[in-house]
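Since the structure comes first, as C-alpha cells, the remarks are kept for the end.
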Amino acid sequence: MPKTAAPLAWAAFPLAFLLVVLVAPAARLVAEGWPADGMAWTVVWMPWQDDYLRWRLVWSFLQALGTCAAALVLGVPLAWVLARYEFAGRSLVLRALMLPFVVPTLVAALGVLALMGPHGAVVQLGGPDLQGTAWLLMYGNLFFNLCLVVRAGSDALEQVSASRVAAARTLGATPWRVFRRVEWPAIAPWMMSALCLVFLYCFSGFGLALVLGGQRYATVEVEIYTLVAHELQLEQASVLALWMLVLTAVVALVYATIERRLAAPARADLLPRRRPRGLWQRLFVVGALFVFAVICVLPIVVIAWKALWASGLLPGTESTAWRVLLEEDTLLALWNTVRFSASAVLLATVLGLAHALAARHSLWLRTLAFLPFLMSPVMVAFGLLLLYPSWSGNVWMLVATYALLAYPFVAKAVAAALDSMPVQYLHAARSLGASPWRAFWRVTFPLLLPALRRGMAFAVATALGEFAATLFLSRPEWATLTTLIYQRLGRPGAANLDSALVLASLLMLLTLLAFAFIEHADWREPHHA
Amino acid sequence: MKHGIFSWVAGSLASLTLVATAHAADLPELRVLTHSSFAVPKPLLAQFEQDAGVKLRITKAGDAGEMLNKLILTRANPIADVVFGIDNALAPKALAADVLDAYRGAATSRAAVAPLPAPLVPVDYGYVTVNFDKSWFAKSGVALPKTLEDLAQPAYAGLLVVQNPATSSPGHAFMLATLGAMGEEKAFDWWARMRANGLKVAKGWSEAYYTDFSRNGGKYPLVVSYATSPAAELFYAKDKPAEPPTGSLSLQGGVYRQVEGVALVKGGAQREAAGKLIEFLRSVPVQQQMQTEMWMYPVEAGVARAEVMRFAPEPAAFHAPADRDMAARDADWVARWTKLVLK
C-alpha cells in the first residue's frame with residue numbers, strides 16, 4: 001500500500017462499527033451507573049483498597065501472564081514442527097488445533113474433569129485430583145488458547161526467508177542458533193500478536209476459571225458479571241470495568257508498539273517442508289505432537305468418546321441419544337448456527353480487512369483493533385440493551401455482536417501479514433502500470449490470503465463458540481447448537497447429558513467442516529478479465 | 001474457474017437475506033420475556049397464537065435474576081409486554097422497582113395452590129432442596145444427614161455443593177431457606193461452619209449438577225437442586241430403572257418453596273393478548289404439560305399430576321424470611337454471605 005490518505009478511509013467502517021456496537025453502549029451503561037453528584041475518588045480507588053478485589057485484579061493478571069509464558073514455551077516447538085516438517089496428518093493437526101475454541105466451556109470442563117477430576121484418569125493412575133486447583137485452571141487456559149500461538153507461529157515460520165536460513169546453516173550455525181538469530185526475530189511480531197490475544201482472553205476469562213478452578217480463582221470479569229447481571233450495582237461494575245480497560249489497554253498499546261518496531265518485510269523465498277530424518281528429528285516431532293495431544297486433543301477425544309458411548313450407536317449400548325440429531329430443534333439450531341456464523345464471518349472479514357489495511361501506519365488504530373477484547377463483554381451486552389432496547393430482538397444486532405467478537409482475529413492476522421509482506425511484487429505491479437485496485441487485487445490480496453484464512457478460521461470458531469450465544473438475549477427460534485447444549489445441561493437426567501455430548505460432537509464436526517471449507521475453498525481465482 | 005470468491009460472497013449474502021426474512025408475519029407481536037428455563041410444548045404455543053391472533057416473540061434473558069435486572073434496566077423503554085419467571089424470591093425487588101402492572105382476570109379470581117404477591121400471577125411452584133446420590137451413600141455406608149446441623153459435622157465434611165446465591169436462583173433460594181428457619185445470626189454461623197467443613201460453591205445449577213455432583217463424575221454426593229430432580233432423573237434415565245438414582249432430602253431449614261409467576265410489564269403494549277397469555281399459562285393443558293418440561297408443580301388446584309411426579313413428593317415444611325425483610329435486606333444478605341463463604 002502506498003502511503004496515501006486512502007488507507008485511512010478504510011478505517012471509517014470499522015471505527016463507526018466499534019462506536020455504535022461497542023463504545024456507545026458501554027459508555028451508556030457507565031453513565032447509567034454514574035452517581036448524580038459525581039464519582040467519588042474513594043469509589044474509584046476501591047478495587048485497589050479492598051483486599052478481595054485487589055486479589056481478583058492481581059490474580060487475573062498473574063494467571064494470564066502465566067498462561068502466556070506456558071503457551072509460548074509449549075507452542076513454539078509445535079509451531080516449528082508444523083511449519084518445517086511434512087508428516088502424515090499434518091493438516092488435520094492444524095485444524096484440530098482450533099477445535100477447543102468452539103467447545104462450550106461446560107462441555108470442555110466435563111472433558112477435562114474426566115481426565116483430571118476426582119474420578120479422572122490421572123487419579124486412577126495414582127495422581128492427585130486437580131479439580132479446584134490453579135493447575136487445572138492453567139491447563140484449561142492452555143486448552144483454549146494454545147491454538148492461537150501455534151497457528152500464528154507456524155504461519156509466521158513458513159514466511160521466514162529460506163536463503164537466510166540456508167546461509168546461516170552453511171556458516172555452521174546449529175538449528176537452535178538459526179532459530180534464535182534468524183527465525184525468532186522474523187516471527188516475533190506474530191508471536192507478540194498471538195500472545196497479546198492469549199493474555200486478553202485469559203485476563204477477561206469468564207466461565208472456565210469458575211468451573212475448573214472454583215470461586216477462589218474467579219477473575220475480575222466474573223466480578224463485573226455478578227455486579228451487573230445479578231446485583232445491578234452499575235457504579236462499582238463501571239469502576240472495575242474501567243480499571244480493566246486501563247490495564248488491558250496498556251498491554252495492547254505496548255504490544256502494538258513492539259509489533260510496529262519489529263515489523264520487517266519478509267523475503268519471498270519460502271522454505272520447503274521436509275520429512276523428519278534421523279532419530280532426533282523424529283523424536284522432536286513426536287515430542288511436540290505429544291504435548292499437542294495432551295493439551296488440545298485429550299479432552300476433546302474424551303468428549304467424543306463419551307458421546308459415542310452415549311449415542312447408542314455402538315453395538316450393545318442401550319441409549320438412543322443419537323436421535324437428538326434428528327429432532328426438529330436440532331435441525332433448526334444447526335441451520336441457525338450455520339447462517340449466523342456465515343453472516344458474522346462475512347461481516348468480520350470485511351471489518352477486519354478494512355481495519356488492518358487502515359492501521360498499517362497508525363499505532364492507535366492498531367491498538368483499537370483489540371478494543372472488542374478490552375471492553376468487558378457483559379458491560380457491552382447490557383449497554384446494548386439499554387441503548388437500543390427496540391433492537392434487542394433484532395437479528396442484525398445479533399449478527400453484529402457475533403462479528404464484534406470475531407473481527408479482531410481477522411484484523412490481527414492480516415495486519416501481521418501486511419507487516420511482513422515483501423514490497424517488490426507490489427512495486428513491480430505498479431510500475432508495470434497496474435491500477436492501485438488491480439495491484440491490490442492481484443498482488444496484495446493473494447499474498448494476504450493465508451493470514452486472512454487463519455483469521456477467518458478463528459472468526460468462525462468465535463462465532464460458533466459460546467461467548468456470543470450466552471451473553472446476549474436469545475429467542476427460541478434463534479437457538480444455536482451451543483444454546484441447545486446449555487439447555488440440555490440445565491435439566492437433570494442422563495439422557496440430557498448424553499444429548500448434550502452428542503450435540504457437542506456435532507458442533508465440533510461442523511467446525512472441522514467449516515475450517516476445511518475456509519482453507520480449501522478455491523476463492524483466490526477471480527474471474528479472468 | 002468461476003466458483004471464486006464471488007460465488008462465496010454471493011452465498012454468504014444469500015444467507016444474510018435468509019437471516020433477514022426469517023420473520024414475516026402480519027399479525028401483531030406479543031413480546032414475552034422469560035428466563036432461560038422456560039419451556040412450553042410448541043403445539044400449545046402455536047394453538048395460543050392462533051386463538052389469540054398474535055405472533056409470540058419470546059425472548060430468553062438468562063437466569064431469573066438476570067432477567068429481572070434486564071427488565072429493570074430497560075423500564076423506560078420496555079423490551080417486553082409480559083414477563084414470566086419472576087418468583088417469590090425476586091418479587092420484592094420487582095415490586096420495589098415498580099416494573100409490573102396489575103392484571104385482573106379469571107386466573108386471578110381462582111385460588112392458586114401457592115400464592116404470589118400481586119401483581120404477579122402464580123403459574124407453577126417447586127422446592128429447592130438438597131439432593132443425594134443414592135449409590136454413593138449405599139457404597140460408603142454413611143447415613144443420610146437428618147438435619148442441617150449434621151452437614152456441619154466432620155462426618156459430612158466435603159460432601160455438599162451449593163450454588164453461589166449471587167449468581168444462581170436455587171443457590172439464592174437455599175440461602176433464604178436457612179435464613180428463614182434459623183434467623184440471620186444462627187444461619188450465618190452455620191454457613192461459616194459449613195465453609196470450614198469443606199463446602200463447595202459452584203457458579204450455577206448446571207456447573208454444580210454436572211461437574212461437582214458425584215452422580216455425574218464429581219466428588220460431592222449432596223447437591224442443592226429441586227424436589228422434582230429425582231423424578232426428572234427417572235424420566236430421562238436410559239435403562240428405565242424402577243427407582244430414581246437420586247433422592248431429595250427435606251432437611252429442617254433446607255427447603256425453599258419457589259413460586260414462579262407471570263405479570264404484565266409496565267409500559268408494555270398488547271394488553272389484551274398479554275392477558276390471554278396469562279390465562280393460557282394457567283389453562284389445564286399448559287399446567288399439565290409443563291410439569292415434565294419445566295419440572296415444576298402446577299398451581300391450578302384440580303390439575304392432575306404427571307405419573308412420574310410420584311417420585312417427587314412435596315416436602316412437608318419449607319422456610320423463607322418475611323417479605324418485608326427480603327425487600328430491605330436481601331442485597332446485604334448476599335453480600336454478607338459472599339464475604340463469609342467466599343472471601
Side-chain angles (χ1 to χ4, degrees), chain A residues 32 51-52 106 109-110 113-114 117-119 129 131-132 207 210-211 214-215 225-226 228-232 318-319 321 338-340 342-343 345-346 382 385-386 389-390 392-393 395-396 399 473-477 486-487 489-498 521-527, chain B residues 1-6 8-9 11-13 15-16 18-20 22 31 36-37 57-63 65-66 69-70 72-74 77-79 164 166-167 200-203 205-207 209-211 216-219 225 229 232-239 246 295 331 334 342-343:
Chain A
E32 182 79 8
D51 281 346
Y52 177 77
L106 195 51
L110 290 176
L113 289 172
H119 303 292
D129 164 19
Q131 188 173 19
L210 285 178
V211 189
Q215 299 280 342
Y225 175 79
T226 310
V228 174
H230 292 279
E231 296 172 13
L232 219 55
E318 301 241 331
S319 163
V338 170
R339 66 189 181 129
F340 291 158
S343 313
V345 169
L346 182 69
F382 273 74
L385 198 59
L386 191 58
S390 53
S392 67
V395 80
W396 293 103
V399 170
L473 292 182
S474 90
R475 291 167 53 179
E477 62 269 32
Y486 273 101
Q487 251 169 43
L489 291 176
R491 291 176 182 172
N496 287 316
L497 179 58
D498 289 354
D522 188 8
W523 37 286
R524 190 202 297 238
E525 212 77 35
H527 51 172
Chain B
M1 201 166 179
K2 289 277 176 193
H3 304 285
I5 188 164
F6 291 109
W8 190 82
V9 168
S12 305
L13 284 177
S15 82
L16 275 173
L18 285 164
V19 165
R31 299 171 303 162
S36 46
S37 315
R57 198 174 98 181
I58 296 168
T59 304
K60 295 189 171 184
D63 171 75
E66 207 174 324
N69 282 340
K70 285 176 179 165
I72 293 173
L73 203 59
T74 57
N77 214 338
I79 51 172
N164 187 345
T167 52
K200 166 86 193 253
V201 180
K203 176 175 162 244
W205 183 89
S206 298
E207 287 81 3
Y209 206 82
Y210 282 109
T211 68
N216 292 311
K219 62 181 165 193
S225 190
S229 304
E233 280 282 353
L234 190 73
F235 188 82
Y236 293 115
K238 273 180 281 194
D239 37 3
T246 61
W295 294 97
V334 173
L342 294 180
K343 292 190 179 177

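Any value given below was found using the heavy atoms of this structure, including those in side chains, with hydrogens, waters and symmetry copies removed. Lettering of chains follows the sequences in order, A, B, ..., and the numbering in each one begins at 1.
- Between chain B and the options Ala114(A), Ala109(A), Gly490(A), the largest number of non-hydrogen pairs under 4.5 Å is found for Gly490(A).
- Taking Thr246(B), Asn77(B), Thr211(B) one by one and counting their heavy-atom pairs under 4.5 Å with chain A, the maximum is reached by Thr211(B).
- Closest non-hydrogen pair, Glu231(A) versus Val334(B), comes out as OE2-CG1, 4.1 Å.
- No part of Ser37(B) comes within reach of chain A, as not one of its non-hydrogen atoms sits under 4.5 angstrom from that chain.
- The side chain to side chain donor-acceptor pair (under 3.5 Å) check on Ser225(B) picks up Trp205(B), Ser229(B), with sequence neighbours excluded.
- Pro492(A) is listed as a side-chain neighbour of Tyr209(B), based on a closest heavy-atom distance under 4.5 Å.
- Residue Leu234(B) does not touch chain A at all, counting heavy-atom pairs closer than 4.5 Å.
- Using a 4.5 Å cut-off between heavy atoms, Leu113(A) touches chain B through its side chain atoms alone.
- When every heavy atom of Leu73(B) is checked against every heavy atom of Phe382(A), the shortest pair comes out as CD2-CD2, 3.6 Å.
- Contacts with chain A were tallied for Ala166(B), Ala232(B), Ser36(B); Ala166(B) has the most, counting heavy-atom pairs under 4.5 Å.
- Neither the backbone nor the side chain of Ala331(B) comes within less than 4.5 Å of any heavy atom in chain A.
- The side chain to side chain contact (heavy atoms under 4.5 Å, CB included) check on Asn496(A) picks up Arg488(A), Arg491(A), Tyr210(B), Tyr236(B), with sequence neighbours excluded.
- For His230(A) against Thr167(B), the heavy-atom pair with the smallest separation is CE1-O, 3.4 Å.
- Residue with the most contacts toward chain B among Leu110(A), Leu497(A), Leu386(A), Thr226(A): Leu497(A) (heavy-atom pairs, distance under 4.5 Å).
- In this structure, Leu232(A) CG and Asn69(B) CG are separated by 4.0 Å, a value rounded to the nearest 0.5 Å.
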